[in-house]
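Letters A, B, ... mirror the listed sequences (proteins, then strands); counts begin at 1.
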Amino acid sequence: MPAIHSNAENSSPLLEVNGLKKHFPLTAGLFSKVVSHIKAVDGVDFALKKGETLGLVGESGCGKTTVGRLIMRLYEPTAGSIQFRPHGEEGEDYNLATLDNASLRPVRSHLQMIFQDPYTSLNPRKTLLDIIGEPLRLNGMRKGSELEDRVVEMLRLVGLRPEYITRYPHAFSGGQRQRIGIARALILNPTLVIADEPVSALDVSVQAQILNLLKFLQRELDLTYLFIAHDLGVVKHISDRVAVMYVGKLVELAEADDLYRKPLHPYTEALLSAVHVAGPAQSHRERIVLEGEVADPSNPPSGCYFHPRCRYAQDRCRQETPELQGVAEGRYVACHLAEELDLAGAASG
Amino acid sequence: MDTLLEVRNLQTHFFMAEGVAKAVDSTTFSIRRGQVLGVVGESGCGKSVTARSIMRMVRPPGHTVDGEILYSRPDQDGQGASIDLLQLPATGTEMRAIRGGEIAMIFQEPRASLSPVHRIGDQITENILLHQEVSPSEAEEIAVDMLRQVHIPLAEQRLDAFAHQLSGGMCQRVMIAMALSCHPSLLIADEPTTALDVTTEAQILELMQGLQADLHMAIMFITHDLGVVADMADEVAVMYLGKVVEQGAAADIFRDPKHPYTIALLESLPRMDQRREWLQTIRGVVPDPYSTLSGCPFHPRCADFIEGVCDEIVPEPITLEDGREVRCLLYTEHAHQERPPVAEDASHS
Ligand SMILES: Nc1ncnc2c1ncn2[C@@H]1O[C@H](COP(=O)(O)OP(=O)(O)OP(=O)(O)O)[C@@H](O)[C@H]1O
Ligand SMILES: Nc1ncnc2c1ncn2[C@@H]1O[C@H](COP(=O)(O)OP(=O)(O)OP(=O)(O)O)[C@@H](O)[C@H]1O
Ligand code: SF4
Ligand code: SF4
Ligand SMILES: [Mg+2]
Ligand SMILES: [Mg+2]
């Protein structure tokens, strides 16, 4: 198993995920017989250094949210370990994958998630004061006006008006609700934030404001982000490193600049080629349209999961599964041809 | 000009304890048959409420208090007859036939708009049976076919799934499949690809473009992704605080935006070809829709603000040579009026 650290010297990262798996049963028929398993996450390894941002990108349904929910222990892992060291090297080392509920409690305040579906994650019968203030109250940290002041401060930071504090979630637009979720996740100054498509519903201007806020807080409070997003411009802007996922596995992991300049995996190349560029000027760049069916996570293709859609695939790719391997300083890729191919990066200039 | 939908002076307000929120305040725009109108604007500016008003799905305390929504409906002899949707009872048979059939909508928060307690297959087939003369088994075939077309793997098995068992992007694609299954003449797509990665998004956009060409479907495409707008839209409408402030051909608007708000919006885009530490934001925030501002609603944030003019005169839409409509006093004789000397000094700050 490769040790996927941001650099070799850093021996105890904040978070270290090894061999993480989540298989969901797929049922059929009246009696919900289990016919097979959806391998949503199927052997994922990575590490997060304190204070860094790791971007996580990949096709819809490839397992990104499931990775986040496993770290939050909202799902029980099928296999694997999740080492978490919120108090640094000297402090306690928790394996989130195996902790029971009681032992999870003290760790929970260090972990927050910004959920992908803001509306379904907000209680419709509670006001913003209750929703955003809840993490504080659960941790018994603040009461009364102090709590209210803190909620007002968070509202301001995410660009919502303090007067909204007594309103219910349904009275907000999609982007406003997304910001409510962000305010709630950040109010406790968590150590690790799993941000699942946190700015996907936001227009460019508010998006810029939120990205600036996330960066600012990171600098002030040394926050660490696992940043799940599909907008590659946003991911590049916010991430130190980027992990690319395909059907439950990581296929590439690298420093953001390196990955965008020179991807090593054909799937990354295809992703980068499909980016829209606003303005008519650059519309003639070649876009690699991925042909073929999206892989079925209950019955993935043989060999390299990407081979039916890969334009470089060879016989070997249909038989042998490539492992994620270190090929250069800080660069990991799972492709048999990684060292031979010369792939195109994102358009520049 | 073959206009399919013409929205005139639409006003939808929310009557709340704190006051009246003018979410849509005198919005005017039109959509031509078979064309794509991109609608952009900051979070909270009234895009979704406009869409819901067309669908007649605004719920109390919201009410559409004024305006016309002229829908030109092809009758039996292929002749167009124009009806004002606002004159139809919202829950009457005619509106029910139009909603989800002739005019279909992809909602902004897909997981929240899918039922949590019904299987997704049943939800899609129910809508098909409501609008098409087919048998239940044919409806199911159409449903499976549509799910395949939106690239959901294991389409047949997934009919039995509940929304919570699908990824965010899958819920969105289920919504899209449902909306497209009845071949609408107008598709209102409210942020339809926010949860999709670039390659899946490219496939979905291609599918929409295909149907647009084959069936002559018009699309009202609400999005904050200006790259997608550049790719998809024939025309663009830019909304600010419940009003359309600029509408024109997409190419013109990207090449040469006229309204100061449009200009600011284009400048706050994160780009893959540049690495900027902090992103540009439009200064200030969108004012509360409860507040009533004198003059131009954008004036507190506008870089071209003319004191004594912009804070006093309400700009009306005017048509420029290239057919573009702009609501800004810079393009009127007011901008060239002699200004009072006090204003002259202040404008340098
Ligand atoms: N049910 C409601 N009750 C009260 N106010 C509402 C309600 N729904 C929307 N609003 C207000 O109306 C305004 C416009 O909302 P709308 O959902 O149309 O915004 P939007 O342009 O779609 O924004 P976004 O890009 O964030 O989705 C917002 O300020 C919102 O707070
Ligand atoms: N609770 C669940 N029960 C059954 N299957 C599930 C469950 N949650 C997720 N899945 C399945 O696991 C796979 C991965 O889902 P996940 O939500 O992690 O994808 P994702 O990468 O976040 O996609 P998106 O970008 O569309 O949000 C999907 O096939 C999904 O249907
Ligand atoms: S291993 Fe083969 S099929 Fe897989 S990505 Fe590399 S070249 Fe393509
Ligand atoms: S009318 Fe004045 S304030 Fe309004 S957008 Fe034009 S220049 Fe700016
Ligand atoms: Mg997800
Ligand atoms: Mg909206």
CG of Leu202(A) to CG of Asp225(B), rounded to nearest 0.5 Å, is 12.5 Å
Given heavy-atom pairs under 4.5 angstrom as the criterion, report whether the side chain, backbone, both or neither of Arg158(B) touches chain A.
side chain
Are there residues of residues 105-112 of chain B that reach to under 4.5 Å of chain A by heavy atoms, and which ones?
Gln108(B), Glu109(B), Arg111(B), Ala112(B)
Given heavy-atom pairs under 4.5 angstrom as the criterion, report whether the side chain, backbone, both or neither of Phe115(A) touches chain B.
neither
Shortest non-hydrogen contact between Gln176(A) and Gly44(B), atoms and distance
NE2-CA, 3.9 Å
Atom CG in Leu196(B), atom CG in Asp231(A): separation rounded to 0.5 Å?
12.5 Å
Counting only non-hydrogen atoms closer than 4.5 Å, does Thr223(B) touch chain A with its backbone (N, CA, C, O), its side chain (CB onward), both, or neither?
neither
Nearest heavy-atom contact between Ser200(A) and His224(B) is O-CE1, 2.6 Å
Which atoms of Ala171(A) approach chain B - backbone, side chain, both or neither, heavy atom under 4.5 Å:
side chain
Nearest 0.5 Å, what's the CG-CD distance between Leu26(A) and Gln165(B)?
8.5 Å
Measuring heavy-atom distances to chain A, does Ser167(B) have an atom under 4.5 Å in its side chain, in its backbone, in both, or in neither?
side chain
Nearest heavy-atom neighbours spanning Ala195(B) and Gln116(A):
CB-NE2, 3.9 Å
Turns out that what part of Arg156(A) lies under 4.5 Å from chain B's heavy atoms comes down to neither
Heavy-atom pairs under 4.5 Å with chain B: which of Val235(A), Ile38(A), Asp196(A) has the most?
Ile38(A)
Should Arg167(A) and Met16(B) be marked as a side-chain contact (heavy atoms from CB on, under 4.5 Å) after you check the CA-CA gap, both sets of side-chain angles, and the distance that decides it?
CA-CA 10 Å; Arg167(A) 275 208 220 160; Met16(B) 315 273 286; 3.8 Å; yes
Hey, is the main chain of Thr200(B) close enough, under 3.5 Å, to the side chain of His230(A) for a donor-acceptor pair?
no
Taking every non-hydrogen pair under 4.5 Å, which of Val57(A), Thr120(A), Thr65(A) racks up the most with chain B?
Thr120(A)
Under a 4.5 Å cutoff for heavy-atom pairs, which residue among Ile152(B), Asp160(B), Leu154(B) has the most contacts with chain A?
Leu154(B)
Determine yes or no for a side-chain-to-main-chain donor-acceptor pair under 3.5 angstrom, with Asp197(B) supplying the side chain and Ser60(A) the backbone.
yes
What part of Asp117(A) lies closer than 4.5 angstrom to a heavy atom of chain B: side chain, backbone, both or neither?
side chain
Tell me, for Ser173(A) versus chain B, whether the close heavy atoms (under 4.5 Å) come from the side chain, the backbone, both or neither.
side chain
In terms of heavy-atom proximity below 4.5 Å to chain B, should Glu59(A) be classed as side chain, backbone, both, or neither?
both
